[in-house]
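Just the heavy atoms: all of them, side chains too, but no hydrogens, waters or symmetry mates, feed the values below.
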Amino acid sequence: MRGVWLFLHFMGFAAWLGGGLAMMLAGITAKHFPPEERLAVYRVTGVVARNLVGPGALLVLVSGFILSLPFFKTADVPGWLIMMQALGLIGAVIAIGIVTPTAARMGRLELDPRGELPERFAGLRKRQVIFATVAGVFALLALLAGTVMK
C-alpha cells in the first residue's frame with residue numbers, strides 16, 4: 001500500500017509544480033497580448049489552477065501525511081522529514097488558499113466597456129505572481145529536503 005501512496009504523492013507533486021510552471025509561462029507569454037487574448041489565457045490558467053495546482057497540492061498533503069505516519073510511531077523523527085513536511089505544508093496552504101482562488105477570479109474577469117483590462121486585473125495579477133512564486137519556492141525546498149537531505 002505504501003507504493004500506491006508514494007505514487008499518489010509523486011503524481012500530486014508533478015501536477016502541482018507542472019501546473020504552476022505552465023501558469024507561469026502562460027502569464028509571461030500573455031504579457032504582450034491584446035486585452036481580449038490576455039484574458040483568454042488567464043481563463044485557461046484558472047482551469048489549470050483548479051484542476052492541477054490545487055488538487056495536486058492537496059494530494060501531496062494527504063499522501064504525505066499518510067506516508068509519514070510510520071515515522072511518528074518512533075521517538076526519532078528524521079530532520080529531513082520534518083523540514084519537508086513544514087515547507088510542503090506552507091507551500092500547499094498558499095497554493096490551495098491563495099493561488100487557486102486568485103487564478104479562478106482572474107479567469108472570470110471580463111473586458112471593461114472600453115475594451116481594456118478591468119481595474120482589478122493588475123492587483124490580482126500582482127497577487128498571483130507573488131504568491132505563486134512563494135508557493136513554488138516552498139514546494140521546491142520541500143522537494144530538496146525530501147531528496148537531497150534524506
Side-chain angles (χ1 to χ4, degrees), residues 1-31 33 37-110 117-150:
M1 192 65 181
R2 183 178 184 281
V4 171
W5 285 111
L6 199 55
F7 173 77
L8 292 173
H9 196 63
F10 292 155
M11 288 302 297
F13 207 81
W16 176 8
L17 280 185
L21 288 171
M23 289 174 62
M24 179 185 71
L25 290 173
I28 290 169
T29 303
K31 267 181 158 177
F33 288 4
E37 292 175 16
R38 194 167 183 191
L39 288 181
V41 169
Y42 282 101
R43 278 191 283 284
V44 172
T45 61
V47 171
V48 170
R50 287 191 316 271
N51 292 301
L52 286 177
V53 175
L58 183 60
L59 184 57
V60 168
L61 281 181
V62 171
S63 60
F65 174 76
I66 291 169
L67 287 166
S68 298
L69 288 176
F71 288 97
F72 289 105
K73 291 179 182 174
T74 66
D76 189 30
V77 180
W80 64 266
L81 178 62
I82 293 170
M83 182 180 271
M84 180 176 63
Q85 287 179 323
L87 295 167
L89 177 63
I90 294 167
V93 166
I94 293 169
I96 295 166
I98 299 173
V99 174
T100 301
T102 302
R105 278 189 219 104
M106 289 181 75
R108 290 189 299 269
L109 292 176
E110 299 289 335
L117 294 170
E119 288 182 29
R120 292 183 24 212
F121 178 81
L124 286 172
R125 185 177 183 285
K126 184 175 183 179
R127 177 183 175 140
Q128 185 72 329
V129 167
I130 292 168
F131 285 103
T133 301
V134 170
V137 167
F138 275 105
L140 288 174
L141 289 173
L143 180 61
L144 280 171
T147 55
V148 175
M149 296 181 69
K150 185 173 179 178

My understanding is that only residues two or more places apart in sequence, or in another chain, count here; which of them pass side-chain contact (heavy atoms from CB on, under 4.5 Å) with [X]?
X: F10; answer: L6
X: M11; answer: F7
X: E37; answer: F33, P34
X: A26; answer: V41, T45

Could you grab the distance from atom OG1 of T100 to atom CZ of R105, nearest 0.5 Å is fine? 10.5 Å
Atom CE of M24 and atom OG1 of T29: how far apart are they, to the nearest 0.5 Å? 9.5 Å
Without placing hydrogens or testing angles, list every side-chain donor-acceptor pair under 3.5 Å for residues 50-57, not counting sequence neighbours.
residue, atom, partner, partner atom, Å
R50, NH1, G46, O, 3.4
N51, ND2, V47, O, 3.0

Please report, to 0.1 Å, the donor-acceptor pairs under 3.5 Å made by any side chain of residues 142-150, with sequence neighbours excluded.
residue, atom, partner, partner atom, Å
T147, OG1, L143, O, 2.7

Distance-only check: which donor-acceptor pairs under 3.5 Å involve side-chain atoms of residues 118-134, not counting sequence neighbours?
residue, atom, partner, partner atom, Å
R125, NE, Y42, OH, 3.1
R127, NE, T102, OG1, 3.2
Q128, NE2, V99, O, 3.4
T133, OG1, V129, O, 2.6

Quick test of your reading: applying ring pair (Phe, Tyr, Trp, His ring centres under 6.0 Å), list the pairs with at least one residue in residues 84-110, sequence neighbours left out, ordered by first then second residue. none
Show which side-chain atoms of residues 60-78 pair as donor or acceptor with protein atoms under 3.5 Å away, not counting sequence neighbours.
residue, atom, partner, partner atom, Å
S63, OG, H9, ND1, 2.8
S63, OG, L59, O, 2.7
S63, OG, V60, O, 3.4
S68, OG, G64, O, 2.7
S68, OG, Q85, NE2, 2.7
T74, OG1, F71, O, 3.0

